[in-house]
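Atoms considered below: every heavy atom in the structure, side chains included; atoms not considered: hydrogens, waters and symmetry mates. Counting from 1, the numbers follow the sequence of the chain as shown.
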Amino acid sequence: HLKPILLKREESANIGTLGVHIRGNDFKTYQGGTLYLSDEEWHLAIKRFERQHNSQVMSHIYMSDENKDWKQFTEQYENSAISTGSVGGEGDLFDAFADLLSCQWIITTGSTFALMESWISDIETYSANDIIEKNKTRMAHLSENSAELSKQIEALDWNELKSALNECIF
């Protein structure tokens with residue numbers, strides 16, 4: 001279903017649809033692992049993105065280059081779908097490409113696949129790494145003004161900090 005999407009891009013854009021392209025374990029070693037995100041970090045990036053867009057996100061399309069347990073994503077967000085072109089799906093990479101082309105936004109970690117779609121159709125594309133980094137930056141700024149908060153942040157490991165951010169601050 002790629003051809004109709006390319007021919008009628010403006011008519012086929014899904015307003016309010018967020019495409020999430022999750023790269024797999026190959027990103028653990030690529031560029032020293034700087035582009036790899038755990039599933040928990042992906043959840044953090046998605047939640048942060050939704051908050052920044054004031055509930056404009058109405059649906060999600062997920063895809064990955066390896067098999068995943070998608071329930072952790074689809075059960076957490078309403079109107080979620082897995083691209084038929086995602087690894088393990090019934091489609092192929094052209095279906096995955098068409099699915100991302102039909103989104104209003106894409107979150108990626110530097111995947112050439114997702115960046116190519118952004119370039120072809122001018123889809124707003126966001127780095128999940130940057131979204132998470134903004135969380136770290138905001139916490140560091142908040143801790144500058146509070147010695148107690150600074151001590152608490154230093155005592156937490158990153159997973160605990162992400163949970164605290166997720167539940168309390170953002």
Side-chain angles (χ1 to χ4, degrees), residues 1-6 8-28 35-136 138 159 162-170:
H1 67 263
L2 179 59
K3 187 175 179 179
I5 299 281
L6 288 172
K8 298 180 179 183
R9 166 67 188 127
E10 298 204 9
E11 295 173 21
S12 63
N14 288 326
I15 302 302
T17 300
L18 172 62
V20 181
H21 186 235
I22 300 174
R23 284 301 300 260
N25 288 326
D26 62 323
F27 265 33
K28 282 185 178 179
L35 298 176
Y36 176 79
L37 296 180
S38 67
D39 289 342
E40 294 79 21
E41 290 169 312
W42 276 106
H43 285 297
L44 180 64
I46 293 164
K47 286 178 183 179
R48 173 73 182 191
F49 181 88
E50 286 186 327
R51 286 186 189 104
Q52 289 172 342
H53 285 81
N54 298 319
S55 302
Q56 296 173 355
V57 178
M58 296 181 282
S59 62
H60 298 185
I61 296 176
Y62 295 99
M63 65 190 58
S64 180
D65 60 336
E66 59 185 34
N67 284 316
K68 295 192 76 54
D69 175 15
W70 289 110
K71 288 181 185 178
Q72 62 182 316
F73 291 93
T74 57
E75 290 178 355
Q76 191 161 355
Y77 304 102
E78 291 184 34
N79 301 316
S80 296
I82 309 307
S83 171
T84 60
S86 188
V87 170
E90 297 175 9
D92 57 25
L93 72 106
F94 298 107
D95 294 314
F97 203 77
D99 286 339
L100 276 186
L101 279 174
S102 68
C103 295
Q104 182 175 352
W105 310 281
I106 296 173
I107 298 178
T108 183
T109 55
S111 158
T112 306
F113 188 81
L115 295 175
M116 181 67 120
E117 288 160 287
S118 175
W119 178 72
I120 287 172
S121 60
D122 202 27
I123 298 170
E124 291 181 47
T125 303
Y126 298 85
S127 164
N129 305 74
D130 287 348
I131 294 168
I132 290 171
E133 188 62 35
K134 288 177 185 171
N135 282 342
K136 290 181 193 176
R138 183 168 180 191
N159 287 330
K162 286 188 298 186
S163 294
L165 285 170
N166 197 24
E167 294 174 18
C168 301
I169 294 178
F170 299 103

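- With hydrogens and angles disregarded, a donor-acceptor distance shorter than 3.5 Å links the side chain of Glu41 to the backbone of Ser38.
- Going from atom CG of Asn129 over to atom CG of Leu37 covers 4.5 Å, rounded to the nearest 0.5 Å.
- Thr17 places none of its side-chain heavy atoms less than 4.5 Å from the side chain of Met58.
- Taking CZ of Phe49 as the reference point, atom CD of Gln56 lies at 8.5 Å (rounded to 0.5 Å).
- Side-chain contact check for Thr125 versus Trp105: every heavy-atom pair is 4.5 Å or farther apart.
- Side chain to side chain, Ser59 and Asn79 fail the donor-acceptor criterion of an N or O pair below 3.5 Å.
- The side-chain heavy atoms of His21 and Leu100, taken from C-beta on, include a pair separated by under 4.5 Å.
- Side chains of His60 and Glu50: a donor on one and an acceptor on the other come within 3.5 Å.
- By the 4.5 Å heavy-atom criterion applied to side chains, Met63 and Asp99 are counted as neighbours.
- Between His53 and Tyr126, the ring center distance clears the sub-6.0 Å criterion.
- Aromatic rings of Phe73 and His43 (six-membered ring for Trp) have centroids within the 6.0 Å cut-off, being under it.
- Taking the side chain as every heavy atom from C-beta outward, Trp70 and Ser80 never approach each other to under 4.5 Å.
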